[in-house]
Protein chains: 2
Amino acid sequence: MATQSNTFETFAHSVKLAEPTSPLRQRICELGRPVHLAGGSSLELEDAGAQLVYLTRGSTKLVAHASEARDQIIAFHFTGDTYWIPASDNYSYSVCALGDCELLLFPADTFLEMAETDPHILRGLIGQMTDALRRCREKAVALGRKTASERIAVFLLGMAERIGTAKGNAVVLDLPMSRRDIAESLGLTIETVSRQFTILRDAKTIQTSGRSLVILNDLSQLRAQAGYLAGTA
Amino acid sequence: MATQSNTFETFAHSVKLAEPTSPLRQRICELGRPVHLAGGSSLELEDAGAQLVYLTRGSTKLVAHASEARDQIIAFHFTGDTYWIPASDNYSYSVCALGDCELLLFPADTFLEMAETDPHILRGLIGQMTDALRRCREKAVALGRKTASERIAVFLLGMAERIGTAKGNAVVLDLPMSRRDIAESLGLTIETVSRQFTILRDAKTIQTSGRSLVILNDLSQLRAQAGYLAGTA
DNA sequence: CGGGTTCTTGATCGGTATCAACGGCCGTGG
DNA sequence: CCACGGCCGTTGATACCGATCAAGAACCCG
């Protein structure tokens, strides 16, 4: 039981749950369903309504399933993230583990009912959603108005911010997702992603090693290539 | 002063503000800045931070300004909507009136500080944000994975839902936005939008009259063309 | 070391952008 | 009320980026 209570512990911290003994916290922890997802396996939610997820450990992709074999990855998430899985509307959504994952699953409506009286939790959720909305809007700009080369730069810079480790002037990335995932996230094909990586490699902007390791040698070049507003850090 | 207090009245109703005499409501109403926007004019926010907008009357577009002349319209909003304008990050954002507009403008951070103690308001905001996030995610799918013809169908169906008036089996739309706006919202060019309208006209799926009036004659055809998940209403 | 998956590279195709010109709607001023 | 003029929308011709089709190479696992 030790590991499981740790799971709740970190979650409680992340949503600013009140002191450990509060009855509200008790009830919310009972509501959460701990789930283990093996790498590559995905959480099919059927029509269970919107869910709130706390990702205790690992990384996941949130996939919108459009018709046929056309999937769009809405977002990647990493250890410690809290996020919403929407109920299926015009598309169906699922969460898929990129590696082994531990997560806590709450039915969104019940969670909100319980949290209704606790401004701290609500405020925390608003913060999470503001963030998710900001990211989704930036993604919309990238998908609507950017070329393949710009999208790749945006992707690499975004990953650098979230899971990169600085190494002098360079940033080292150990990407948990495949080229296919990158393509499905950027609205491109796997071949185009591969070609863009090759171009960046030839320009010495990045180095790669194996399938997952990427070293960003020239961040300023990537920023220029990302097509961001001039003068942005 | 009568019209202005009506403005606050409808806003208070929309965010579930407490009884009229509450001091919190008083303070929040003092925080809101009423703004009139003439059609075509836009609200430049400089670096004023994130804003919360209540659209009392009219319709607006929320525009992300990427480099050069490449704008992406993030969302359209209509009378009664409450929404966030993000602080500029990698892009700068502005709100532009499609026709004459009345709106209430709040600095998001101050608003949240004030609302911190009122679970009803917070809960209302979460509802607004869930909605915005759902729409933004659907837009991401459209921009990432859909053809021009699918995007147009998605757009028309979305507008039908929000501002359409039923007329027998058909739906009548009086679009407040130009072809250019539609194009910038869908990640297409104005020419492509025009061509798609022509195709739909030739197929009798829609009729148009003047620049703004569109009649959707065949909703089921549009749904089929939108590339939604099979079996969705 | 072998087999399957993932990634890379090459050749071709197609959809949408781009460039260019025309036509029609609508507000303005006579 | 009508005439004018500008903007918005439509249509056509061409170009280009990225998708698709196809094959080979590298990586990772057993």
Side-chain angles (χ1 to χ4, degrees), chain A residues 38-40 61 66 68-72 96 98-100 142-155 173-203 206-214 225 227, chain B residues 38-40 61 66 68-72 96 98-100 142-155 173-203 206-214 225 227:
Chain A
K61 54 179 175 178
E68 303 142 59
R70 292 189 303 173
D71 289 344
Q72 172 70 39
C96 182
L98 298 175
D100 283 19
L143 294 178
R145 292 283 158 214
K146 286 188 190 292
T147 65
S149 124
E150 291 172 320
R151 294 183 204 189
I152 294 287
V154 167
F155 169 78
L173 283 181
D174 189 5
L175 296 179
M177 72 288 287
S178 68
R179 298 287 185 271
R180 172 170 304 280
D181 291 330
I182 298 174
E184 285 183 357
S185 159
L186 298 179
L188 300 169
T189 59
I190 171 177
E191 293 96 329
T192 299
V193 170
S194 182
R195 275 184 253 268
Q196 292 297 329
F197 268 78
T198 302
I199 293 173
L200 288 173
R201 252 192 314 263
D202 291 349
I206 68 172
Q207 292 168 255
T208 61
S209 163
R211 278 167 180 161
S212 67
L213 209 70
V214 180
Q225 188 175 320
Chain B
K61 53 179 175 178
E68 304 143 58
R70 291 190 304 172
D71 290 343
Q72 172 70 41
C96 183
L98 297 176
D100 283 19
L143 294 178
R145 291 285 156 212
K146 285 187 190 291
T147 64
S149 123
E150 291 171 320
R151 294 183 203 189
I152 294 288
V154 167
F155 169 78
L173 282 181
D174 190 3
L175 296 179
M177 71 287 285
S178 68
R179 298 288 186 272
R180 172 170 305 280
D181 291 328
I182 298 174
E184 284 182 359
S185 159
L186 298 179
L188 300 169
T189 58
I190 169 175
E191 293 96 329
T192 300
V193 171
S194 182
R195 276 185 252 269
Q196 292 298 328
F197 269 78
T198 302
I199 293 173
L200 288 173
R201 251 192 314 263
D202 291 350
I206 66 171
Q207 293 167 255
T208 62
S209 162
R211 278 168 181 162
S212 66
L213 209 71
V214 180
Q225 188 173 321

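Throughout, a chain's letter reflects where its sequence line sits, starting with A, and its residues are numbered from 1.
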*Calculate the interatomic distance between A/Ile182 atom CD1 and C/dT8 atom C1'; express it in whole Å.*
14 Å

_Does A/Ser178 reach a base, just sugar-phosphate, or nothing at all? Heavy atoms under 4.0 Å._
sugar-phosphate

*Which distance, rounded to the nearest 0.5 Å, do you find between the OG of A/Ser194 and the CZ of A/Arg179?*
7.0 Å

*asked:* Tell me the interatomic distance from A/Gln196, atom CD, to C/dC7, atom P, rounded to whole angstroms.
replied: 16 Å

*Measure the OG-CE distance between A/Ser185 and A/Met177 for me, rounded to the nearest 0.5 Å.*
7.5 Å

*When you match B/Ser209 and B/Gly187 each to their closest nucleotide on DNA chain C, which lands nearer the 5' end?*
B/Gly187

*Supply the atom-to-atom distance B/Leu186 CG to B/Glu184 CD, rounded to the nearest 0.5 angstrom.*
10.5 Å

*Which whole-number value in Å describes the distance from A/Phe197 CZ to C/dT9 P?*
12 Å

*Please confirm whether the backbone N or O of A/Thr147 pairs with a side-chain atom of A/Glu150, one donor and one acceptor, at under 3.5 Å?*
yes

*asked:* If you compare every side-chain N and O of A/Arg179 against the phosphate oxygens of C/dT8 (OP1, OP2), does one of them come in below 4.0 Å?
replied: yes

*Respond yes when some side-chain nitrogen or oxygen of B/Arg195 is under 4.0 Å from OP1 or OP2 of C/dA17, and no when none is.*
no

*Is there side-chain contact between A/Lys61 and A/Leu98, with heavy atoms separated by less than 4.5 Å?*
yes

*Counting distance only, does the side-chain N/O of A/Gln72 pair as donor-acceptor with the main-chain N or O of A/Ala66 below 3.5 Å?*
no

_What is the distance, to the nearest angstrom, from the CG atom on A/Asp181 to the C1' atom on C/dT5?_
14 Å

*chain A contact limits on DNA chain D, taken 5' to 3' with a cut-off of 4.0 angstrom to heavy atoms*: D/dG18 to D/dC28

*Determine, step by step, whether B/Arg195 and B/Thr192 satisfy the side chain to side chain donor-acceptor pair (under 3.5 Å) criterion, reporting the C-alpha distance in whole Å, the side-chain angles of both residues, the deciding distance to 0.1 Å, and the verdict.*
CA-CA 5 Å; B/Arg195 276 185 252 269; B/Thr192 300; 5.1 Å; no

*To the nearest 0.5 Å, tell me how far B/Phe155 CZ sits from B/Leu173 CG.*
8.0 Å

*asked:* Less than 4.0 angstrom between a side-chain N/O of A/Thr198 and OP1 or OP2 of C/dT9, yes or no?
replied: yes

*Protein-nucleotide distance (B/Leu188, atom CG; C/dT16, atom P), rounded to Å*: 8 Å

*asked:* Working note: B/Arg201 + B/Thr208, criterion side chain to side chain donor-acceptor pair (under 3.5 Å); need CA distance, chi angles, decisive distance, verdict.
replied: CA-CA 8 Å; B/Arg201 251 192 314 263; B/Thr208 62; 3.0 Å; yes

*Return yes when atom CZ of A/Arg70 has more than 12 non-hydrogen atoms of other residues, nucleotides or ligands closer than 6.0 Å, and no otherwise.*
yes

*Using a cut-off of less than 4.0 Å, is there contact between a side-chain N or O of B/Thr192 and OP1 or OP2 of C/dA17?*
yes

*Let me know the distance between CG of A/Leu98 and P of C/dT6, rounded to the nearest Å.*
13 Å

*Estimate the overall bend of the helix from C/dC1-D/dG30 to C/dC22-D/dG9 from the end axes over five pairs each, rounded to 10 degrees.*
50°

_Minimum-distance nucleotide to B/Arg211 side chain [options: C/dT16, C/dC7, C/dC26]_ = C/dC26

*For B/Arg180 and C/dT18, give me the distance from atom CZ to atom C1', rounded to whole Å.*
13 Å

*asked:* Any base atoms under 4.0 Å from A/Arg201, or only sugar-phosphate, or nothing? Heavy atoms, all strands.
replied: sugar-phosphate

_Between C/dC13 (P) and A/Glu191 (CD): distance, integer Å_ = 16 Å

